[in-house]
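In what follows, chains carry the letters A, B, and so on, assigned in the order in which the sequence lines appear, proteins first and then strands, with residues in each chain numbered from 1. Small disclaimer: the values here were computed from a predicted structure and weren't measured.
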Protein chains: 2
Amino acid sequence: MSEQQTSRRERKKAATRQAIANTALSMFLERGYDAVGIREVAQAADVAVTTVFAHFPSKEALVFDRDQGLQDRLVQAVTGRGARWSAAEALRDELHAMVHDLTGEQSVAFWRLVDSSEDLREYETRMWQRHADALAVAIAADRGHTEPVTTDKALARYALGVFPLARDAPDPAAAVDEIMDLVAAAWAAAR
Amino acid sequence: MSEQQTSRRERKKAATRQAIANTALSMFLERGYDAVGIREVAQAADVAVTTVFAHFPSKEALVFDRDQGLQDRLVQAVTGRGARWSAAEALRDELHAMVHDLTGEQSVAFWRLVDSSEDLREYETRMWQRHADALAVAIAADRGHTEPVTTDKALARYALGVFPLARDAPDPAAAVDEIMDLVAAAWAAAR
DNA sequence: ACGATAACGCTAACGGTTAGGAATTTGCAA
DNA sequence: TTGCAAATTCCTAACCGTTAGCGTTATCGT
């Protein structure tokens, strides 16, 4: 998959990054996001505060460590689908799978943590928006545009609006279908 | 419209609030948002820093002073429309008017200021989301729900996604129609 | 081995924000 | 008018995320 050539330097850097993120997440889960300061995280991970910010752009990013993978999955679903399915169908399938993953048993504590903090909820919103911008490029290509027009951007945002809404909904899978029905209708109308 | 009974206390409080917001906005426009600190604003408005935060929950809120009116317009457009138009049509008209206002000649400097700051752009996003939550209630009522279901919330968000997108678009009015076509199609599909 | 560079550390600060508590103003009734 | 409660403002001192400046250590290529 993503086997990079790893020099010792890169391996150590990655290890430090992971150690920081792991330490931070377990502290947040145990004592609450707001109750744990960056200085404490740094001390517990045995690094300097400046080192924390050398690896992560903000405190919130410590929690959403590995979110690049989500973006890759989304873009891949549209660009790498078989010719048998439409982009909207492929996206629906992928969103179902992702929502299933993100609402799974072992993620409950994580999302409870996110819900507990205004900052983290905001960061999540921005994260999906970032991913939506990447998805918009894939959708634009699918619809024959070299760069995203307003409609492409709108469709990408609508689809990714699933996550915040599905997490609130009593039946997440049903919410995905509900929303993707709307998106499919909008998509069909955009010709 | 909104003529509240104003005691002297309330009048003075409102005056202080306005004075702070006006001072802050003109300073931001003149010297840039990031270059002006809260302590400076307080000093220029001749109040204490704590007084600023007694009237506004954050620095960004100083800029988007009167945003409650926008929410009122949106909700009013749906709930107070004549029986002749559908909710989607009424909303499209109102959004056209609002985008026209917000892109008008005298608003150019204001939005240039917003665009200049990451914090302000984020705050704007959150603002529209707040308003979308209120609009979702009106849409839910229109569609016969006592409280918003997933689809209602989604439609409200889709419609209010107009603003960030329209401001980027070369032809804002056309962008409104583009997006409201999508929303109308989604709305029609949601039955 | 050695110079270049990346990673890390330390200190001190900046800027938004808040707690604590005093001082002042307003509303209202005696 | 006087007195009292509530609302508003003020001041000080901090807290916390974040960054700049600069020195130290580890790793890489040669």
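Each of V49(B) and D46(A) was assigned the nucleotide of DNA chain C with the nearest heavy atom; the assignment lying further toward the 5' end belongs to D46(A). Toward the 5′ end of DNA chain C lies the nearest nucleotide of R39(B), the other residue of the pair R39(B) and K12(B) mapping further downstream. Annotation: of the two residues near DNA chain D, R9(A) and T16(B), the 5′-most nearest-nucleotide partner is T16(B).
Distance, I38(A) CD1 to dC16(D) P: 11 Å, rounded to whole Å. The CD-C1' distance, from E118(B) to dT18(D), rounds to 15 Å in whole Å. Regarding L120(A), its CG atom lies at a distance of 14 Å from the C1' atom of dG17(D), rounded to whole Å. The distance between atom CD of E60(B) and atom P of dG16(C), rounded to the nearest whole Å, is 9 Å. When rounded to the nearest whole Å, the span between CD of Q43(A) and C1' of dC8(C) equals 17 Å. K59(A) places its NZ atom 12 Å from the C1' atom of dC15(D), with the value rounded to the nearest Å. The CZ-P distance, from F53(B) to dC16(D), rounds to 17 Å in whole Å. Distance CD (E10(B)) to C1' (dG27(C)): 11 Å, rounded to an integer number of Å.
A sub-4.0 Å separation between OP1 or OP2 of dA20(D) and a side-chain N or O of T50(A) is absent. The phosphate of dT8(D) (OP1 or OP2) has no side-chain N or O of H55(B) nearer than 4.0 angstrom. For the OP1/OP2 pair of dC10(D) and a distance below 4.0 Å, the side-chain nitrogens and oxygens of T51(B) include at least one atom meeting the criterion.
Comparing atom distances between the K13(A) side chain and each of dT17(C), dA7(C), dT8(D) picks out dA7(C) as nearest.
Backbone-only engagement by R8(A) is indicated by non-hydrogen atom pairs under 4.0 Å involving sugar-phosphate atoms exclusively. D119(A) comes within 4.0 angstrom of nothing in the nucleic acid, heavy atoms only. Residue contacts shown for D34(B) are absent, as no nucleic acid heavy atom lies under 4.0 Å away. Across all strands, V47(B) comes closer than 4.0 Å only to sugar-phosphate atoms, never to a base (heavy-atom distances).
A salt bridge between D119(B) and K59(B) is absent, with no side-chain N of the basic residue lying under 4.0 Å from a carboxylate O of the acidic one. Electrostatic pairing of D181(B) and R92(B) counts as a salt bridge here, judged by a charged N lying under 4.0 Å from a carboxylate O. Between D67(A) and R130(A) there is a salt bridge, since at least one side-chain N of the basic residue sits less than 4.0 Å from a carboxylate O of the acidic one.
Between E60(B) and the options E122(B), M127(B), E124(B), R126(B), a side chain to side chain contact (heavy atoms under 4.5 Å, CB included) holds for only R126(B). The ring-ring contact (aromatic ring centres under 6.0 Å, His included) with F64(B) is formed by just one residue from the set W128(B), F28(B), Y123(B); it is Y123(B).
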